[in-house]
Amino acid sequence: MFISGVIYAMRDEAHKRFSYMIIKKEKLPFNLRGQVIYYVGPAPTPEGKVIGSAGPTSSYRMDPYTPQLLDKGLKATIGKGQRDKSVIDSMVKNKAVYLVAVGGAAVLISKTIKSSKVIAFNELGHEAVRELEVENFPCIVANDIYGNDIFIQGVNEWKR
Amino acid sequence: MREIKTTDVTQAVKNLCIEANYSIGSDIKERIKHFSETEGSETGKEILSVILENYDLAEKERMAVCQDTGAAVFFVRIGQDVHITGGNFYNAINEGVRLGYEEGCLRKSIIKDPVFKRLNTKDNTPAIIHTRIVSGKELEITMMPKGSGAENMSEVRMLRANDGLKEIKSFVIEKIKVAGGKPCPPIIVGVGVGGNFERCAILSKIALLRETGKPNGDPNWAQVEKDLLEEINRLGIGPQGLGGTTTAIGVHILVEPCHIACLPVAVNIQCHANRHKTVKL
Ligand code: SF4
């Protein structure tokens, strides 16, 4: 599938902070309801380009925080690699999905990003929260709202 | 004595950092092409072709193949008849990293203290430098940007001295199964056998530098590599862990003597973006 529109880039440290802010009932840098988060820490932007190489990072490191964000209305996350059961259960409960992008296809993916703007935690450098406008961003559904898991199903299909 | 100036080392290191991150070896490309012919899953085939396309695009656009441009790992072979002049050798390497990561728009991912504050050093230093004194008057520097996705799936284990091949194999398979899609398969598996606790870890990383898919020089270990590769590819993990027949494109084992009461084994997982470049001064 291909995504076009606005998605938000954030990874480890920003998740930690979001989690803390949710517990403290503070206002988040953007409203999570109905939004998509892409787990990425892009390379610095070369001159004349919109963004540097920008492939997905491993999602499991965000697992401890994801259910909290899903409860706040987050609809989809994009990363690479399998997720914890707690995240999968929360996705079923909140009717959200997990998508994977191809890890290590960072230049190809960067071409689908049409604009990039830091909206929070600028001091975190590549770990800052970014608002990305994407066009035909390629990804694959890994976990749907019914609890299907492509990582388990795919492996079972090809195990010899 | 042959003199080599630290300024030349810095310049060489700077170029290595950039080139290693922009262009992937032809051995990797050939291996991926080879495996995509037999890949059973359509999605898997598609992913492999996306990966190949990305390599070409990175070279053409002069951009990093992957945004995780890694920790800067160096393997240096210093000829004993070389005299480094004009400053400290390690500082010269770190300066090259600093310049290369800045000029090449490579991501700086090193933090000063792994636990407290986790502040980024902002120039991707310090580099991790392994040096070896060899005979001759050449200086050979290999740079390997090692991303964390795959590194995190690696482990050193002290097996029992008599455990033998069966346990070595099951350790490797266990690590790959647990890793699943996390290290961006297809992967290359570096295995260090022997040495001691720290030496086998280094061996497992040096093993990754071998031309991918080139069999081990020792026929016994070549057979083990072949068997392991087949077994890994029967696990079904496939490209990116979404299912398929291409989980690994190479298993490289490096063996060294060890203590009679030991069997140290290290598994260093490497993603398909197996980046490394070497220069001789
Ligand atoms: S595991 Fe390799 S390909 Fe995947 S994100 Fe890390 S460095 Fe890039």
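Naming: A, B, ... by sequence-line order, numbering from 1 per chain. We use all heavy atoms of the structure for the numbers below, so side chains are in, but hydrogens, waters and symmetry mates are not.
With a 4.5 angstrom heavy-atom cutoff, B:Ile51 touches chain A only via side-chain atoms. Only the side chain of B:Thr43 has a heavy atom closer than 4.5 Å to any heavy atom of chain A. For chain A, the nearby part of B:Asn120 is the side chain; its heavy atoms alone come within less than 4.5 Å. Of the two parts of B:Asn152, only the side chain, counted from C-beta on, holds a non-hydrogen atom closer than 4.5 Å to a non-hydrogen atom of chain A. In this structure, no portion of B:Lys122 lies under 4.5 Å from any heavy atom of chain A. When heavy atoms are compared at a cutoff of 4.5 Å, B:Thr69 does not approach chain A at all.
For the options B:Val50, B:Leu235, B:Leu242, heavy-atom pairs under 4.5 Å to chain A are most numerous at B:Leu242. Chain B forms the most heavy-atom pairs under 4.5 Å with one residue out of A:Val100, A:Thr57, A:Ile140, and that residue is A:Ile140. Here B:Gly180 is the residue among B:Gly149, B:Gly180, B:Ala273 with the most heavy-atom pairs under 4.5 Å with chain A.
Between A:Glu13 and B:Arg118 there is no salt bridge, since no side-chain nitrogen of the basic residue lies less than 4.0 Å from a carboxylate oxygen of the acidic one.
Under the side-chain contact (heavy atoms from CB on, under 4.5 Å) rule, A:Val107 has a single partner from B:Val65, B:Asn54, B:Asp56, which is B:Asn54.
Annotation for A:Lys80 and B:Gln240: closest pair CB-OE1, 4.4 Å, computed over non-hydrogen atoms.
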